[in-house]
There are 2 protein chains.
Amino acid sequence: MFSKACEYGIKATIFIAVKSLHDQRVSLKEIAEEIDSPVAFTAKILQLLAKSGIVDSHKGPTGGFQMDRTGIDNVKVYDIVCAIDGDKIFNGCGLGLKQCDAEHPCPVHDKFIGIRENLTTMLQKTSMFELATGLDIGLTQLKR
Amino acid sequence: MFSKACEYGIKATIFIAVKSLHDQRVSLKEIAEEIDSPVAFTAKILQLLAKSGIVDSHKGPTGGFQMDRTGIDNVKVYDIVCAIDGDKIFNGCGLGLKQCDAEHPCPVHDKFIGIRENLTTMLQKTSMFELATGLDIGLTQLKR
DNA sequence: CCAATAAAGGATATTTAGGTCTTTTTATCA
DNA sequence: TGATAAAAAGACCTAAATATCCTTTATTGG
């Protein structure tokens, strides 16, 4: 469904959100440990997320990654997926055709419309706050 | 969503179904031309589909690929996806966790259940016959 | 200012997906 | 039965995704 980079990106952002809700910055190392991801690769993804404005980064001692409360509420899973994997999964043709629309549909075009809409809507509605609180109170997990 | 191999596999099978409904075998070359795919790569995918029993293959002159009427009715998009990409898309965790179930869910587990069910059901219900007739009467396309 | 810390950035390696090519096997038919 | 057409099989190549390493830059506290 998503690329590895995107999976890591979502998990990392959720973890950063949890810590930020407790007014704590987290370092790359902590993040990679928590979400069980390769450190250097995670660094690249976090750079991208920082550039996209999804997370804030700070250098130096006491530095690390964080989100402000506005971001925690406003950033949706959809934003992370778009930043890392792009919008192909939301707009691309199920069979990979360049031109595939209501006028010139591929054989599965109509079948995919509903599913894609559900997915898009769900990801657009799901905020970091919602996912972070679920993780924070132990309802969900990021490892294993 | 699907791998390239899977996209080609679905398109190829639909085309074979159309031709089979007109009692015609099709060669690899015709298939690759029709679905606009690399010939040699398509050959590999068709081998896999033949081994999986999704299409029948015949060697020699007048040889090629075909499906019997039972296959055209019974083979679902789901079967092709499973044969080529496996069932990860139907059963795997959205965030790539090994262990992710109702007991130990990842943060997006519940959110994905419905969408995944919709996708699975849709693909399990969609037969080659349905897609082949849509293509045959010009309602849909495989190119561009 | 200095030393320690942490992210940024560039270069490189590894793995997987995607794609190609050649040889072998099988079937048809002249 | 031999020439030929077609798929099967497997070796091989390429590009992209994944992952690592190392150097640079910014920030902080002493």
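What you see below is based on every heavy atom in this structure, not just the backbone, and it leaves out hydrogens, waters and symmetry mates. Protein chains get the first letters and strands the later ones, always in sequence-line order, with residue 1 at the start of each.
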Collect all protein-nucleotide pairs involving nucleotides 3-8 of chain D in which both atoms are nitrogen or oxygen and the distance is under 3.5 Å.
residue, atom, partner, partner atom, Å
D/dA6, O4', B/Gly60, O, 3.1
D/dA7, OP1, B/Leu28, N, 2.8
D/dA8, OP1, B/Ser57, OG, 2.5

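- To the nearest 0.5 Å, atom NZ of residue B/Lys11 and atom OG1 of residue B/Thr42 are 9.5 Å apart.
- Recorded end-axis angle for the helix from C/dC1-D/dG30 to C/dA30-D/dT1 stands at 10°, based on five pairs per end and rounded to 10 degrees.
- Evaluation of the side chain to side chain donor-acceptor pair (under 3.5 Å) rule for A/Asn74 yields no partner, not counting sequence neighbours.
- Using a 4.0 Å cut-off between charged side-chain N and carboxylate O, A/Lys111 and B/Glu130 make a salt bridge.
- Between B/Ile80 and B/Met128, the shortest heavy-atom contact is CD1-CE, 3.6 Å.
- Side-chain atoms of A/His104 and A/Gln99, non-hydrogen and from C-beta on, never get closer than 4.5 Å to each other.
- Counting to the nearest Å, the P atom of D/dT18 and the CG atom of A/Asp85 are 8 Å from each other.
- The distance between atom NZ of A/Lys4 and atom C1' of D/dA19, rounded to the nearest whole Å, is 12 Å.
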Quiz item: After noting the C-alpha distance and the side-chain angles of A/Val55 and A/Val75, does the key distance pass the side-chain contact (heavy atoms from CB on, under 4.5 Å) rule?
Solution: CA-CA 9 Å; A/Val55 302; A/Val75 169; over 6 Å; no
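- The hydrophobic cluster containing A/Leu139 also includes A/Ile137, under a criterion of side-chain heavy atoms closer than 4.5 Å among ILVMFWY residues, counted directly or through chains of members.
- By the criterion of side-chain heavy atoms lying less than 4.5 angstrom apart, applied directly or through intervening Ile, Leu, Val, Met, Phe, Trp or Tyr residues, B/Leu97 is not grouped with A/Leu131; the two fall into different hydrophobic clusters.
- A side-chain contact (heavy atoms from CB on, under 4.5 Å) with A/Phe65 holds for exactly one of A/Ile54, A/Ile31, A/Asp56; it is A/Ile31.
- Atom CD in A/Glu7 sits roughly 10 Å away from atom P in D/dA19 (whole-Å rounding).
- Contacts of A/Ser3 classified as side chain to side chain donor-acceptor pair (under 3.5 Å), with partners at least two apart in sequence or in another chain: A/Asp85.
- The distance between atom CZ of B/Phe41 and atom C1' of D/dA11, rounded to the nearest whole Å, is 16 Å.
- In this entry the distance linking OH of A/Tyr8 with P of D/dA17 reads 15 Å, nearest Å.
- Put simply, chain A comes within 4.0 Å of DNA chain C, heavy atom to any atom, from C/dA4 to C/dA11, going 5' to 3'.
- Using the six-membered ring where Trp is involved, B/Tyr78 and B/Phe90 have ring planes that are tilted, between 30° and 60° apart.
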